[in-house]
Amino acid sequence: FQDNGVYIRDGDRNVITNNARISRHFNYGVYMDLTAASNLVVGNAIFSNAGTGVYMFGANVDGNRITSNSIYGPNQNYGVYLTDGDANVFSNNRVFRDVASGIYLTGTAASNRIWGNRIFSNAVDGVVDPALFREHAEGRAEPPRYRRGVQLFDFGYVITCHSAQGSEWSEVTIIDDSGSFREEAS
């Protein structure tokens, strides 16, 4: 066991590609911090790390691309965890079987793109983005509203169906029954 599989500190334009496995480390499979920018992590198998598969920490961890990797558990925390970095791209990864969330963005992380990933069978959430929680963290959010024991939300970011996670469907039907939970007009 080593602390981290790959550690990029203040490095830029590095390429970590086609490793058969980055696994069984005490902390992280891939760890980028401080000013790690414009790095490419592509085509790797990142799994079974005691911390997180890909951990990115710092206000200047920007412009990195994490693409076409298999990031899976049991990573003991997250598949991918980003704190404060901007303009990173997470695309075409398979992120599954992590103890917490598949992809978790927090702090001041902004303008990051998450697309084309298959994220399934994680214990907590698929993707968590700070834009959904910023008002709450800054104390500006209204307290939760409930109706008939169900918490009301103003908009939904993700649609999930636990029985279908990890499956692919040629057609999906979404029934908007939100009218059943709206407050009566006064």
Donor-acceptor contact present, side-chain Asp62 to main-chain Ser38, <3.5 Å:
no

Taking the six-membered ring for Trp, are Tyr81 and Tyr104 parallel (under 30°), tilted (30 to 60°) or perpendicular (over 60°)?
parallel

Taking side-chain contact (heavy atoms from CB on, under 4.5 Å) as the definition, give me every residue that meets it alongside Ala45, ordered by chain and number, with sequence neighbours left out.
Phe47

Asn122 (side chain) donor-acceptor with Ser101 (main chain) under 3.5 angstrom
no

Working for side chain to side chain contact (heavy atoms under 4.5 Å, CB included), residues Leu105 and Ile114
CA-CA 10 Å; Leu105 284 69; Ile114 301 170; 3.8 Å; yes

Measuring from atom CZ of Arg21 to atom OG of Ser48, what distance do you get when rounded to the nearest 0.5 angstrom?
8.5 Å

Within the distance-only criterion (no hydrogens, no angle test), does the side chain of Asn117 pair as donor or acceptor with the backbone N or O of Phe90 below 3.5 angstrom?
yes

Start with the C-alpha distance between Thr108 and Asp84, add both sets of side-chain angles, then the distance that settles side chain to side chain donor-acceptor pair (under 3.5 Å), and finish with yes or no.
CA-CA 4 Å; Thr108 60; Asp84 300 330; 3.3 Å; yes

When you compare the side chains of Ser111 and Asp86, does any donor N or O come within less than 3.5 Å of an acceptor on the partner?
no

Assess whether side chain to side chain contact (heavy atoms under 4.5 Å, CB included) is satisfied between Thr106 and Leu82, documenting all intermediate values.
CA-CA 6 Å; Thr106 189; Leu82 170 66; over 6 Å; no

State which residue, out of Asn14, Asn88, Asp12, fulfils the side chain to side chain donor-acceptor pair (under 3.5 Å) condition with Asn64.
Asn88

Correct closest heavy-atom pair for Gly102 and Asp98 would be CA-OD2, 4.4 Å

Is the backbone N or O of Asn44 less than 3.5 Å from a side-chain atom of Asn69, with the two atoms forming a donor-acceptor pair by type?
yes

Please test Ser91 against Thr67 for side chain to side chain donor-acceptor pair (under 3.5 Å), starting from the C-alpha separation and ending with a verdict.
CA-CA 5 Å; Ser91 64; Thr67 187; 2.9 Å; yes

Per the side-chain contact (heavy atoms from CB on, under 4.5 Å) rule, which among Ile46, Leu40, Ile8, Val42 passes with Ile16?
Ile8

So Asn49 and Phe26, do their side chains get closer than 4.5 Å, heavy atoms only?
no

Tyr78 side chain reached by Val54 side chain, heavy atoms, under 4.5 Å
no

Please assess Asn93 against Arg118 for the test side chain to side chain contact (heavy atoms under 4.5 Å, CB included), listing each intermediate value before the final yes or no.
CA-CA 6 Å; Asn93 298 292; Arg118 286 194 63 211; over 6 Å; no

Restricting to side-chain contact (heavy atoms from CB on, under 4.5 Å), what partner residues turn up for Asn27, sequence neighbours left out?
Asp3, Asn4

Met56 vs Ile66, side chain to side chain contact (heavy atoms under 4.5 Å, CB included): CA-CA, chis, key distance, verdict
CA-CA 11 Å; Met56 303 164 70; Ile66 311 301; 4.2 Å; yes

Side chains of Met32 and Val41, heavy atoms from C-beta outward: is any pair under 4.5 Å?
yes

Gly11 backbone acceptor or donor facing Asn39 side chain under 3.5 Å
yes

What residue among Thr52, Ile22, Val80 forms side-chain contact (heavy atoms from CB on, under 4.5 Å) with Ile71?
Val80

Results of ring pair (Phe, Tyr, Trp, His ring centres under 6.0 Å) for Tyr31 - residues two or more places apart only
Tyr7, Tyr28, Tyr55

